[in-house]
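Take a look at the structure set out below.
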Amino acid sequence: MKVNFAPVNVPLRKRLQTAVVLQWVFSFLALAPCCIVLFFYLLFSRFWLVSVLYTIWWFVDWDTPSHGGRKVPFLCRLPVWHYMRDYFPIQLVKTVDLDPRQNYVMGFHPHGILVAGAFTNFCTQATGFEQLFPGLRSYMLMLPLWFRAPFFRDYIMCAGLVPSDKDSASYLLRNEGGGNAVVIAVGGALEALDAHPGTHIVLLANKKGFIKLAMEHGASLVPVYSFGENEVFNQVSNPQGTWLRWIQDRLQGIMGVSLPLFHARGVFQYSFGLMPYRKPINTVVGKPIRVQKNEKPSMEELDALHELYMDELTQLFEEHKGKYGVPEDTQLVFI
């Protein structure tokens, strides 16, 4: 295979963009296990007191992730995130105003491989969430598994990440003053297995937990579609029925995390590696669906709202696909 090396005279601005995205990819893929190894290394070294003190802190702070986390706005506003935004680049698109006196459940689609658009738009201020939606605070749900990693849990909470369980989301949606936007990558890790360039497959047909959550708290539902999310990585072909997909599905069922075999470019060459391609991501926030509070919705009521949500997401996709390079004959596929 011929390797396409990066030119020597790459502008400093682009080198910084690459460095920031490299840090983000490392954090997503490897920082949690590194933190676990560090915790046990310190525990059995002369610095054992660090791990002991952290364990005490961990015990005292155990409920913080499920009680709104510990978002640090200063860190979310750091200019370093502008380099990540400009690497792709990533853009957050508002279609209507959102009333800050309300709480919202934002359904993010599609998951993609590493949810680059969701992280940049809702965990940093690089794309101007605060300016586009004044008075709203965004919190993104993440697998509870990652909040069991020492040190790493504190790192991800700084960005407004909270566990993706009902108690954590409900805590935020119970805020009577409104102003909280809970962002859910509805398709989850399983949807990442269908994240191939050129595809628009959304794992939603039987996903109703987030609909019920919104109904129980009277939170408005907001469909969000991220055009380009599936374009930044390639993935080994894994259609349903193949041995690879069978293994991936089984591992996802056991561990709760999917293992897509993805690849893109490298740091100093463009032929292979785990760095995402420089392809634009345009995340479009749709209009809210008003939801009446109903703590015990019937199955019929749940199905009706779920159907309405899918219709609104489809309409959002159809209205904007032409602007972002999606062929007119492309349909949004629900599975």
_Would S226 and T283 count as a side chain to side chain donor-acceptor pair (under 3.5 Å) here? Give the steps._
CA-CA 4 Å; S226 194; T283 304; 2.9 Å; yes
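- Residue M157 is tested with M142, K71, R70 for a side chain to side chain contact (heavy atoms under 4.5 Å, CB included); the sole match is R70.
- Remark: side-chain polar atoms of S168 are not paired, donor with acceptor, to backbone N or O of S164 under 3.5 angstrom.
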*List the steps, then state whether side chain to side chain contact (heavy atoms under 4.5 Å, CB included) holds for Y171 with V162.*
CA-CA 11 Å; Y171 181 89; V162 295; over 6 Å; no
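- Contact annotation: the side chain of F108 never approaches that of M140 to less than 4.5 Å [non-hydrogen atoms, C-beta and beyond].
- More than 12 heavy atoms of other shown residues, nucleotides or ligands fall within 6.0 angstrom of atom CZ in R290.
- To the nearest 0.5 Å, atom CD of residue Q315 and atom NE2 of residue H320 are 9.0 Å apart.
- Between D194 and L203 the shortest side-chain heavy-atom distance does not fall below 4.5 Å.
- Side chains of P280 and E231 form no contact here, defined as non-hydrogen atoms less than 4.5 Å apart.
- The residues D61 and R153 are annotated as salt-bridged, a charged nitrogen and a carboxylate oxygen being separated by less than 4.0 angstrom.
- Cluster membership for I211 and L173, using ILVMFWY side-chain heavy atoms within less than 4.5 angstrom, is shared.
- Using modelled atom types, no side-chain atom of S138 and backbone atom of A181 make a donor-acceptor pair closer than 3.5 Å.
- By the rule that hydrophobic residues join a cluster once side-chain heavy atoms approach within less than 4.5 Å of another member, M106 and I281 end up as members of one cluster.
- In this structure, the side chain of T199 does not engage the main chain of I201 through any donor-acceptor pair within 3.5 Å.
- The distance from the OH atom of Y104 to the CG atom of L136 is 6.0 Å, given to the nearest 0.5 Å.
- Both L38 and F47 belong to a single network of hydrophobic side chains, linked directly or stepwise wherever heavy atoms of I, L, V, M, F, W or Y lie under 4.5 Å apart.
- Aromatic pair F28/F119: centroids not less than 6.0 angstrom apart.
- Considering CG of L172 and CG of N103, their distance stands at 8.5 Å, rounded to 0.5 Å.
- Between A192 and I113, the closest heavy-atom pair is O-CD1, 3.8 Å.
- Side chain of S66 to main chain of D63: a donor-acceptor pair is present (N/O by atom type, distance under 3.5 Å, no hydrogens or angles).
- At a threshold of 4.5 Å between non-hydrogen side-chain atoms, the residues H109 and L204 count as touching.
- In terms of modelled atom types and a separation under 3.5 Å, the side chain of Q235 and the main chain of A195 share a donor-acceptor contact.
- Across every non-hydrogen atom of L141 and P163, the tightest pair is CD2-O, 3.7 Å.
- Looking at E229, its side chain does come within 3.5 Å of a backbone N or O of G117 through a donor-acceptor pair.
- Formation of a donor-acceptor pair under 3.5 Å by the K208 side chain with backbone atoms of L302 is not found in this model.
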*Take N238 and H196, measure what side chain to side chain contact (heavy atoms under 4.5 Å, CB included) needs, and give me the verdict at the end.*
CA-CA 10 Å; N238 61 340; H196 296 272; 2.8 Å; yes
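- Of all the heavy atoms in M275 and L22, the pair that sits closest is SD-CA, 3.7 Å.
- Taking the six-membered ring for Trp and the full ring otherwise, the centers of H263 and F272 sit at least 6.0 Å from each other.
- At least one donor-acceptor pair closer than 3.5 Å links the side chain of T95 to the backbone N or O of V285.
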_Stepwise side chain to side chain contact (heavy atoms under 4.5 Å, CB included) check, Y324 with V284_ = CA-CA 11 Å; Y324 303 117; V284 184; 3.8 Å; yes
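- Contact record, V10 with K14: CG1-CB, 3.7 Å, taken as the closest heavy-atom pair.
- Smallest separation of non-hydrogen atoms from A116 and F88: CB-CZ, 4.1 Å.
- V52 and F59 sit in two unconnected hydrophobic clusters of ILVMFWY residues. Membership requires side-chain heavy atoms under 4.5 Å apart, directly or through other members.
- Contact record, L259 with Q248: O-NE2, 3.1 Å, taken as the closest heavy-atom pair.
- Counting only heavy atoms from C-beta outward, the side chains of Y225 and K321 never approach each other to under 4.5 Å.
- Criterion: ILVMFWY side-chain heavy atoms under 4.5 Å apart, direct or through other members. Under it, V115 and F122 are part of a common hydrophobic cluster.
- Using cut-offs of 30° and 60° on the angle between ring planes, the pair Y54 and F151 is tilted.
- Contact check for F233 versus P260: no side-chain heavy atoms found under the 4.5 Å cut-off.
- The side-chain hydrogen bond (donor to acceptor under 3.5 Å, both in side chains) with E216 is formed by just one residue from the set K293, K166, K296; it is K166.
- Looking at heavy atoms from C-beta onward, W24 lies out of side-chain contact with T120 at the 4.5 angstrom threshold.
- Contact annotation: the side chain of L49 never approaches that of L42 to less than 4.5 Å [non-hydrogen atoms, C-beta and beyond].
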*Just do the side chain to side chain contact (heavy atoms under 4.5 Å, CB included) check on H217 and S170 with the steps written out, would you?*
CA-CA 8 Å; H217 296 280; S170 294; 3.0 Å; yes
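- Around CD of Q292, the count of heavy atoms belonging to other residues, nucleotides or ligands within 6.0 Å does not exceed 12.
- By the neighbour-count criterion of 12 heavy atoms within 6.0 Å, atom NZ of K287 is sparsely surrounded, having that number or fewer from other residues, nucleotides or ligands.
- Distance check: T314 OG1 to E319 CD gives 11.0 Å after rounding to the nearest 0.5 Å.
- The backbone N or O of A19 lies less than 3.5 Å from no partner atom in the side chain of Y83, so there is not a single donor-acceptor pair.
- Going from atom CD of E301 over to atom NE2 of H306 covers 15.5 Å, rounded to the nearest 0.5 Å.
- Checking side-chain atoms of S258 against main-chain N and O of A189 turns up a donor-acceptor pair under 3.5 Å.
- Each of Q102, R137, R174 was evaluated against N180; a single residue qualifies, R137, per the side-chain hydrogen bond (donor to acceptor under 3.5 Å, both in side chains) test.
- Taking the six-membered ring for Trp and thresholds of 30 and 60 degrees, Y155 and F152 have ring planes inclined between 30 and 60 degrees apart.
- Shown here is F26, whose CZ atom has more than 12 heavy atoms of other residues, nucleotides or ligands within 6.0 Å.
- Ring centroid separation for the pair Y277 and Y270 does not come in under the 6.0 Å cut-off.
- With rounding to the nearest 0.5 Å, the separation of OH in Y41 from OG in S51 is 11.0 Å.
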